[in-house]
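Protein chains get the first letters and strands the later ones, always in sequence-line order, with residue 1 at the start of each. What's counted below: heavy atoms across the whole structure, side chains too, no hydrogens, waters or symmetry copies.
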Amino acid sequence: MSEAAAPASDMPPFRYTAALADEIERRWQDVWAREGTFHAPNPTGPLADPDHPRADAEKLYVLDMFPYPSGAGLHVGHPLGYIGTDCFARYQRMAGRNVLHAMGFDAFGLPAEQYAVQTGTHPRTTTEQNIERYKAQLRRLGLAHDERRSVATIDTDFYRWTQWIFLQVFNSWYDTEAEKARPVAELIAEFEAGVRSTPDDRPWAELTVAERRAIVDDHRLAYVSQAPVNWCPGLGTVLANEEVTADGRSERGNFPVFKRSLKQWMMRITAYGDRLLDDLDTLDWPEPIKLMQRNWIGRSIGAHIDFATERGPVRVFTTRPDTIFGATYLVLAPEHELVDALVPAAWPEGTRDAWTGGHASPRAAVEAYRKAAGAKTDVERQADTKEKTGVFVGDYAVHPVTGGQIPIFVADYVLAGYGTGAIMAVPAEDERDHAFAEIFELPIVRTVQPPEDFDGKAYTGTGPMINSAAPERGLDLNGLGVADAKARIIAWLETNGHGEGAVTFRLRDWLFSRQRYWGEPFPIVYDETGAAIALPESMLPVELPEVDDFSPKTFDADDADSNPETPLSRRRDWVEVELDLGDGPKRYTRETNVMPQWAGSCWYELRYLDPTNGERFVDAENERYWMGPRGEGDCGGTDLYVGGAEHAVLHLLYARFWHKVLYDLGHVSSFEPFRKLFNQGMIQAFAYTDARGAYVPAEEVTERDGGFYLGDTAVNREYGKMGKSLKNVVTPDEMCATYGADTFRVYEMSMGPLEVSRPWDTRAVVGSYRFLQRVWRAIVDERTGAARVTDAPADEATRRLLHRVVHGVRGDMEGIRFNTAIAKLIELTNAVTRLPETPREVAEPLVLMLAPFAPHVAEELWRRLGHDTSLAYADFPTADPALLVAETVTYPVQINGKVRGRVEVPADAAEDDVRAAALEAVAGALAGKEPRKVIVVRGRMVSVVA
RNA sequence: GUCCCCGUAUUCCAACCGGUAGAGAAGCGGAGCUCAAACCUCCGACAGUGUGGGUUCGAAUCCCACCGGGGACACCA
């Protein structure tokens with residue numbers, strides 16, 4: 001490939017080589033930067049520009065998931081999405097829209113800190129270096145970003161607003177009546193006025209200051225809680241549920257995670273469970289991502305039902321209250337708080353042997369079971385899902401409907417963390433309960449009539465209720481359908497005080513604090529009573545202080561009993577502070593946890609809109625213009641958001657939550673941040689291992705005789721990611737050096753649909769290079785550098801092809817089908833190449849259509865065609881509809897599904913004429929037989945059934 | 001185990017509402033250009049759409065089953 005870059009001595013001076021491409025690209029990048037070509041005007045504020053060509057145009061907000069700037073730099077896979085959004089944004093700008101496209105950096109977080117620890121430098125130093133490197137690499141690709149809007153989450157100007165939003169969350173509560181967040185000041189006012197009663201109904205005025213504060217704190221959307229959390233000693237921090245994998249390890253680093261009861265900051269995302277779920281319907285997102293969010297939120301609609309015991313009621317949650325007559329036993333999670341109270345000294349009369357686990361007393365049995373369950377890892381528990389285990393606690397509960405006694409078990413198939421940690425077991429209508437009942441010989445009573453041909457065990461479908469009447473209690477569900485039965489039983493439970501309808505979520509509150517250094521400090525101090533107090537807005541930002549040792553305290557990865565220690569707590573002079581918060585100078589202690597990496601990415605898309613605003617996180621008018629709803633019921637948000645599918649639940653769920661809080665408080669007009677989401681595919685690569693299994697440099701491997709060799713040694717090929725350790729990294733820098741950025745961009749966009757993962761093939765890049773060379777040569781004289789186009793009109797066939805291509809490319813651009821758009825441009829180029837001279841009427845639209853993909857060479861050609869302004873705002877070509885309809889159409893004629901002839905007729909020929917012409921064309925094949933049926937598909941084909 | 005997506009030429013991929021399987025790229029073979037080569041230009045070969053059924057005048061496209069690859073969920077009551 002080096003021959004392409006090295007011009008031979010007889011090379012024409014204006015041939016499109018890598019060297020010329022490099023010169024053109026750098027020159028145009030300088031022009032764009034100098035002239036601010038891609039500055040998008042705001043409606044108001046410092047970035048407003050009424051004279052801008054798109055000042056009054058329809059807006060379009062195109063967004064990429066901003067990168068975390070790693071120390072390794074970019075490989076060719078990283079910019080795929082960025083190039084895709086750039087092509088889309090450039091097209092839309094030429095099509096007349098005011099396009100906002102910017103790029104920032106997600107720069108706080110664990111990896112930056114770990115990298116800094118490895119290299120022994122401050123995280124800010126390494127992170128800022130990495131950002132500069134990323135910026136240089138991205139600039140080299142010619143991405144048309146509005147560079148004025150670039151932000152990094154570590155900028156003090158940025159994170160002061162992250163802290164400000166935290167304060168909004170902290171100072172809010174969720175009003176379940178109004179179904180929205182409201183300021184806590186309004187809550188306090190309602191308590192004071194007596195409109196809202198306190199938990200124990202005492203008047204607000206009679207409560208102590210501490211009592212009042214506790215009540216208010218219990219309502220806040222950000223709150224401190226002492227609760228079981230995911231403690232990861234290997235990382236030295238706690239983690240959110242979303243950051244822990246299904247097998248109980250940290251998503252980052254793959255360290256073991258333990259449940260520890262610790263005091264931590266939480267965010268009440270569960271209050272938004274319904275809206276996060278329901279509003280998915282308003283979003284234009286890939287269905288798999290919506291499904292993953294639905295699964296994660298996991299809303300279950302059912303009922304809470306109380307079963308009386310001598311030690312108090314056991315409250316269960318069920319989605320099938322209609323099947324209550326089939327509830328033949330209860331199951332509590334091993335950790336359930338009532339278990340100890342329920343366990344009697346001895347097995348009651350008539351206890352079956354199978355229920356005791358072979359233990360002499362219920363206490364021994366329960367303790368042994370708990371110990372065994374606790375010793376199991378989550379992986380083992382999952383592997384055991386088919387074999388149900390459990391033990392009888394030695395006591396019975398009263399069935400609220402039948403009044404009968406049913407036994408109570410503990411079993412680990414009931415999870416402490418979901419619902420109430422207790423269930424009523426209905427073996428006839430639940431597969432898990434059925435499996436358990438079989439092992440423990442428990443009664444199975446059908447309450448839903450299965451179809452006659454049903455031969456399974458538990459029947460979970462619908463059907464008429466049976467065996468479900470208690471006339472003496474005024475309850476009869478028999479004959480009802482499942483839905484009606486649910487409604488009636490819930491009404492009965494509520495009337496009789498045995499329970500009520502209930503909704504449960506799998507979603508847990510979001511654990512929001514981390515025991516790390518490299519994150520946003522909380523704008524929170526504690527007073528002498530230990531109460532958390534929000535700092536006033538005027539004290540923002542709370543700057544991250546310097547520390548001698550920014551590395552976190554980590555522990556042996558398996559040391560479950562270790563305790564977190566925050567790096568900031570070592571700076572006593574920072575932690576202990578004297579402030580005047582309204583009642584004179586007092587001593588306070590600062591919060592020493594920092595926010596999780598997700599905080600900055602929860603709202604960065606809003607800051608792009610108004611990055612220089614010092615008064616607000618974003619001006620209301622600017623937000624309404626760029627992200628506001630397009631009509632009644634529209635959710636608003638960015639018009640396109642491109643990124644990988646790996647953020648399906650984490651970032652995308654957290655960002656939606658924050659956005660909704662801001663919406664409720666009136667700070668934004670859109671109730672969703674990302675209207676349309678697009679997941680780009682991954683660029684994958686081959687890697688090669690030798691006989692020992694060690695990776696060998698992929699670029700040195702050759703293919704011959706159907707095998708792969710490094711020199712003379714046969715090596716093994718595998719397919720997967722691109723990575724340093726796999727020795728198969730190809731960088732955009734290499735591609736730019738060998739072919740130029742335009743070739744690289746065209747290649748990435750032409751390899752396949754943007755959403756599809758595909759293998760990288762360096763050898764194939766040359767195809768895109770040849771294409772750009774053909775375009776160049778069709779327009780520029782390689783000897784003189786002058787344009788060699790003719791002003792004579794194009795011939796009819798070329799003109800028709802041009803308009804077909806224009807029409808097709810527009811459709812492809814709107815639909816993000818860049819690979820087929822480029823194929824059409826190549827087709828047009830190849831047609832032009834065959835002509836003795838290139839007509840200007842084809843050359844100009846070709847250059848304009850090429851511009852989104854290969855912007856530098858397109859600008860250069862545009863200039864050489866005699867234009868003295870950038871084509872960034874030139875009108876994208878429009879097809880003449882008259883030239884899209886062909887004058888004649890060739891119909892293939894099928895007889896019994898096989899093509900037997902062709903017939904050419906005028907495009908506007910009547911159906912009967914087409915039929916007659918077709919039959920005539922295949923008269924020989926029909927051999928005089930009368931066709932049974934003739935089908936004419938207008939413009940397509942004729943099918944004859946003989 | 002359940003659900004979702006994908007299987008088209010040697011490879012990456014097109015084929016829009018079911019209507020002639022090929023838009024584009026790589027690779028391969030040949031010819032032209034050249035002292036020779038590279039570049040370039042032109043020409044060419046290569047699949048009947050994972051397998052088996054079904055619906056239809058007609059199926060890559062719709063339906064069913066199976067095989068292969070990828071992903072999600074995995075006791076959530």
Student: With sugar-phosphate meaning primed atoms plus P, OP1 and OP2, does A823(A) contact a base, only sugar-phosphate, or nothing at under 4.0 Å between heavy atoms?
Tutor: base
Student: Touch check for V316(A), heavy atoms < 4.0 angstrom, all strands: base, sugar-phosphate only, or nothing?
Tutor: nothing
Student: Would you mind classifying the nucleic acid contact of R758(A) as base, sugar-phosphate or nothing, using non-hydrogen atoms under 4.0 angstrom?
Tutor: sugar-phosphate
Student: Please state the P separation for the pair U61(B) and G54(B) - nearest whole angstrom.
Tutor: 14 Å
Student: Taking pairing as Watson-Crick or G-U wobble with both contacts under 3.5 Å, can you name the mate of C42(B), or confirm there isn't one?
Tutor: G30(B)
Student: Quick check, are the ring centers of F771(A) and W776(A) under 6.0 angstrom apart?
Tutor: no
Student: Rounding to an integer number of Å, can you tell me how far Y739(A) OH sits from C39(B) P?
Tutor: 11 Å
Student: Send over the distance from M749(A) CE to A23(B) P, rounded to a whole Å.
Tutor: 24 Å
Student: Roughly how many Å apart are C13(B) and A65(B), using the C1' atom of each and rounding to a whole number?
Tutor: 29 Å
Student: Among C4(B), C12(B), A26(B), which nucleotide sits nearest the side chain of P759(A)?
Tutor: C12(B)
Student: I need the CD-C1' distance between E646(A) and G70(B), as an integer number of Å.
Tutor: 15 Å
Student: Between Y769(A) and D742(A), is any side-chain donor less than 3.5 angstrom from a side-chain acceptor?
Tutor: no
Student: Which of the following nucleotides, A72(B), A25(B), C40(B), is nearest to the side chain of N830(A)?
Tutor: A25(B)
Student: I want to check something: taking the side chain as every heavy atom from C-beta on, are N819(A) and M749(A) in contact at a cut-off of under 4.5 Å?
Tutor: no
Student: May I ask you to say what I822(A) touches in the nucleic acid, namely base, sugar-phosphate or nothing, with a heavy-atom cut-off under 4.0 Å?
Tutor: nothing
Student: Answer with base, sugar-phosphate or nothing: what part of the nucleic acid does S943(A) contact at a heavy-atom distance below 4.0 Å?
Tutor: base
Student: Before accepting this row, confirm whether a basic side-chain N of the pair K824(A)/E827(A) lies closer than 4.0 Å to the acidic partner's carboxylate O.
Tutor: no
Student: Identify the nucleotide, in any strand shown, that forms a Watson-Crick or G-U wobble pair with C73(B), with both distances under 3.5 Å; if there is none, say none.
Tutor: G1(B)
Student: Please pick, from C4(B), A14(B), G19(B), the nucleotide with the shortest atom-to-atom distance to any side-chain atom of P753(A).
Tutor: A14(B)
Student: Give the nucleotide from the list C75(B), A25(B), G19(B) with an atom nearest to the side chain of I826(A).
Tutor: A25(B)
Student: Send over the distance from W296(A) CH2 to G71(B) C1', rounded to a whole Å.
Tutor: 17 Å
Student: Nearest heavy atom decides the nucleotide; on that basis, is S757(A) or Y891(A) closer to the 5' end of RNA chain B?
Tutor: S757(A)
Student: Using the C1' atom on both, measure C33(B) against C39(B) and round to a whole Å.
Tutor: 11 Å
Student: When rounded to the nearest Å, what value does the distance between P atoms of G58(B) and A26(B) take?
Tutor: 39 Å
Student: Rounding to an integer number of Å, can you tell me how far D761(A) CG sits from U10(B) P?
Tutor: 17 Å
Student: Side chain of R745(A), backbone of P852(A): donor and acceptor closer than 3.5 Å?
Tutor: yes
Student: Is M292(A) touching bases, backbone alone, or none of the nucleic acid, heavy atoms closer than 4.0 Å?
Tutor: sugar-phosphate
Student: Angle between ring planes, H651(A) versus H647(A), binned at 30° and 60°: parallel, tilted or perpendicular?
Tutor: perpendicular
Student: Base, sugar-phosphate, or nothing for E827(A), non-hydrogen atoms under 4.0 angstrom?
Tutor: sugar-phosphate
Student: I want to verify a distance call: between C4(B), C57(B), G19(B), whose nearest atom is closest to the K933(A) side chain?
Tutor: C57(B)
Student: Whether D812(A) and R817(A) form a salt bridge (side-chain N of Lys/Arg under 4.0 Å from carboxylate O of Asp/Glu) is what I want to check.
Tutor: yes
Student: Between Y719(A) and R758(A), which heavy-atom pair has the shortest distance, and what is it?
Tutor: OH-C, 3.7 Å
Student: In whole angstroms, how far is the C1' atom of C39(B) from the CZ atom of R774(A)?
Tutor: 13 Å
Student: Looking at A74(B), C12(B), A14(B), which one has an atom nearest to any side-chain atom of T820(A)?
Tutor: A14(B)
Student: Taking the inter-plane angle between the rings of Y329(A) and F436(A) on a 0 to 90° scale, is it parallel (under 30°), tilted (30 to 60°) or perpendicular (over 60°)?
Tutor: parallel
Student: Output the single nucleotide from C42(B), U20(B), A26(B) whose closest atom is nearest the side chain of V766(A).
Tutor: A26(B)
Student: Can you tell me how far P of C4(B) sits from CD1 of I289(A), to the nearest Å?
Tutor: 16 Å
Student: If the P atom of U49(B) is compared with that of G44(B), how far apart are they to the nearest Å?
Tutor: 25 Å
Student: It should be established whether R777(A) places a side-chain nitrogen or oxygen under 4.0 Å from OP1 or OP2 of nucleotide U41(B).
Tutor: yes
Student: When syn is taken as a glycosidic angle within 90 degrees of 0, is G48(B) syn or anti?
Tutor: syn
Student: Report the distance from atom CG of N819(A) to atom P of C16(B), rounded to the nearest whole Å.
Tutor: 14 Å
Student: If we take the C1' atom in both U8(B) and U51(B), what is their distance in whole Å?
Tutor: 15 Å
Student: Among the nucleotides C4(B), C40(B), G19(B), which one has an atom lying closest to any side-chain atom of P288(A)?
Tutor: C4(B)
Student: With the side chain of N295(A) defined as its heavy atoms from C-beta on, choose the nearest nucleotide among C12(B), C73(B), G58(B).
Tutor: C73(B)
Student: So, OP1 or OP2 of A26(B): does either fall under 4.0 Å of a side-chain N or O from R770(A)?
Tutor: yes
Student: Between T833(A) and T318(A), which has a closest nucleotide on RNA chain B that is more 5'?
Tutor: T833(A)
Student: Scan every strand shown for a Watson-Crick or G-U wobble partner of A15(B), both distances under 3.5 Å, and answer none if you come up empty.
Tutor: none
Student: For atom P, what is the distance between G1(B) and C17(B), given to the nearest Å?
Tutor: 35 Å
Student: Work out how far the C1' atom of G48(B) is from that of A60(B), and round it to whole angstrom.
Tutor: 9 Å
Student: Glycosidic conformation of C42(B), syn or anti, with 90° from 0 as the boundary?
Tutor: anti
Student: Under a 3.5 Å limit for both distances, which nucleotide forms a Watson-Crick or G-U wobble pair with U51(B), could you say?
Tutor: A65(B)
